[in-house]
Amino acid sequence: MVQAGAFADSLAKTGAEGVRMLHGHDGRAVVGVWDAIAEDARGLFVRGRIMDWSPEARLAQALSRAGALDGLSIGYRTARARRQGRLRVLSGVDLWEVSLVTFPMLPGARFSLSKAPA
C-alpha cells in the first residue's frame, strides 16, 4: 500500500524528467517521456507522450491505439516503509519509472490516449 505523499520527495528531486516511460518494465524499451507527474486525490497522476523513435515505441503506440495496452505500473526503490498488520505501507518511494503494461497490479492504474491537437 502506498501512503499519500510517498512520492513527494522523489518528485521534488527529479521531476517528471527524471522518471522514465518504459514498456513492460524493460529498461531497454524507453517508449516515451513523461511531461507531468504529480500526486492527486486518487494517487499518482502522469501525463506523457508515447514517441515513435524505436520499434518498441511504435509497438506501444499501436497497442495503445488499438486498446490492447492501457495499464500502468511503477518501478521504484523503497525509501521508507512500515508494517501495519499484514500490510506493508510505503511512506517514501524513489520513483524510477512508470511503465505501460498489459496487466497492472492495481486494476484502476490505467491510462487513456488523448486526441492530438488540431
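Just the heavy atoms: all of them, side chains too, but no hydrogens, waters or symmetry mates, feed the values below. For this chain, numbers begin at 1 and follow the sequence in order.
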Next item on the list: Verify side-chain contact (heavy atoms from CB on, under 4.5 Å) between W96 and V19, making sure each step is shown before the conclusion.
Entry: CA-CA 5 Å; W96 294 341; V19 179; over 6 Å; no
Notebook entry, point to check: Taking atom types as modelled, is there a side-chain donor on S99 or H23 under 3.5 Å from an acceptor on the other?
Noted result: no
Note to self: With a 4.5 Å cut-off on side-chain heavy atoms, are L72 and V101 touching?
What the structure shows: no
Note to self: Surrounding OH of Y76 (heavy atoms of other residues, nucleotides or ligands, distance under 6.0 Å), is the total greater than 12?
What the structure shows: no
Next item on the list: Compare all side-chain heavy atoms of M21 with those of V98 and state whether any distance is below 4.5 angstrom.
Entry: no
Item checked: Donor-acceptor contact below 3.5 Å, side chain W34 vs main chain E97 -> no
Note to self: Between E39 and G5 (side chain of the first, backbone of the second, donor and acceptor by atom type, cut-off under 3.5 Å), is there such a pair?
What the structure shows: yes
Note to self: Any heavy-atom pair between the side chains of F111 and V46 that's under 4.5 Å?
What the structure shows: no
Checklist line | Nearest-0.5 Å distance that lies between atom CZ in R110 and atom CG in L100 | finding: 12.0 Å
Next item on the list: Would you check if the side chain of R58 reaches a backbone N or O of D52 as a donor-acceptor pair within less than 3.5 Å?
Entry: yes
Margin query: Let me confirm one number: the CG-CG distance from L63 to D70, rounded to the nearest 0.5 Å.
Written below: 10.5 Å
Note to self: Please report the interatomic distance OG(S64) to CG(L69), rounded to the nearest 0.5 Å.
What the structure shows: 4.0 Å
Notebook entry, point to check: Hey, mind stepping through D9 and R80 against salt bridge (Lys or Arg N to Asp or Glu O under 4.0 Å) and telling me if it holds?
Noted result: CA-CA 11 Å; D9 290 345; R80 290 180 311 279; 3.7 Å; yes
Next item on the list: Could you check if a side-chain atom of F7 sits within less than 4.5 angstrom of a side-chain atom of I37, using non-hydrogen atoms only?
Entry: no
Checklist line | Carboxylate-amine/guanidinium contact D40 R42, below 4.0 Å | finding: no
Margin query: Check whether S10 reaches the backbone of L95 with its side chain - one donor and one acceptor, N or O, closer than 3.5 Å.
Written below: yes
Notebook entry, point to check: Counting only heavy atoms not in R47, do more than 12 sit closer than 6.0 Å to its CZ atom?
Noted result: no
Check: Any side-chain donor-acceptor pair under 3.5 Å between Q3 and R82?
Finding: yes
Note to self: Determine whether L44 and V2 satisfy the following criterion, side-chain contact (heavy atoms from CB on, under 4.5 Å), listing intermediate values before the conclusion.
What the structure shows: CA-CA 10 Å; L44 194 62; V2 180; over 6 Å; no
Notebook entry, point to check: Between CD of Q84 and CG of L87, what distance do you get to the nearest 0.5 Å?
Noted result: 6.0 Å
Next item on the list: Evaluate the criterion side chain to side chain donor-acceptor pair (under 3.5 Å) for residue pair Q61 and R49; output intermediate values, then yes/no.
Entry: CA-CA 10 Å; Q61 276 185 341; R49 294 169 284 139; over 6 Å; no
Next item on the list: Report yes if some heavy atom in the side chain of S73 is under 4.5 Å from a heavy atom in the side chain of M105; otherwise report no.
Entry: no
Check: If you measure from the Lys or Arg side-chain nitrogens to the Asp or Glu carboxylate oxygens, is any gap between D26 and R20 under 4.0 Å?
Finding: no
Check: Should we say atom CZ of R28 is surrounded by more than 12 heavy atoms from elsewhere, each under 6.0 Å from it?
Finding: no
Next item on the list: Would you give the length of the straight line joining atom OG1 of T78 to atom CG of D94, rounded to the nearest 0.5 angstrom?
Entry: 8.5 Å
Checklist line | M1 side chain near R88 side chain, heavy-atom distance below 4.5 Å | finding: no
Item checked: Residue pair V31 / L22, side-chain heavy-atom distance below 4.5 Å -> no
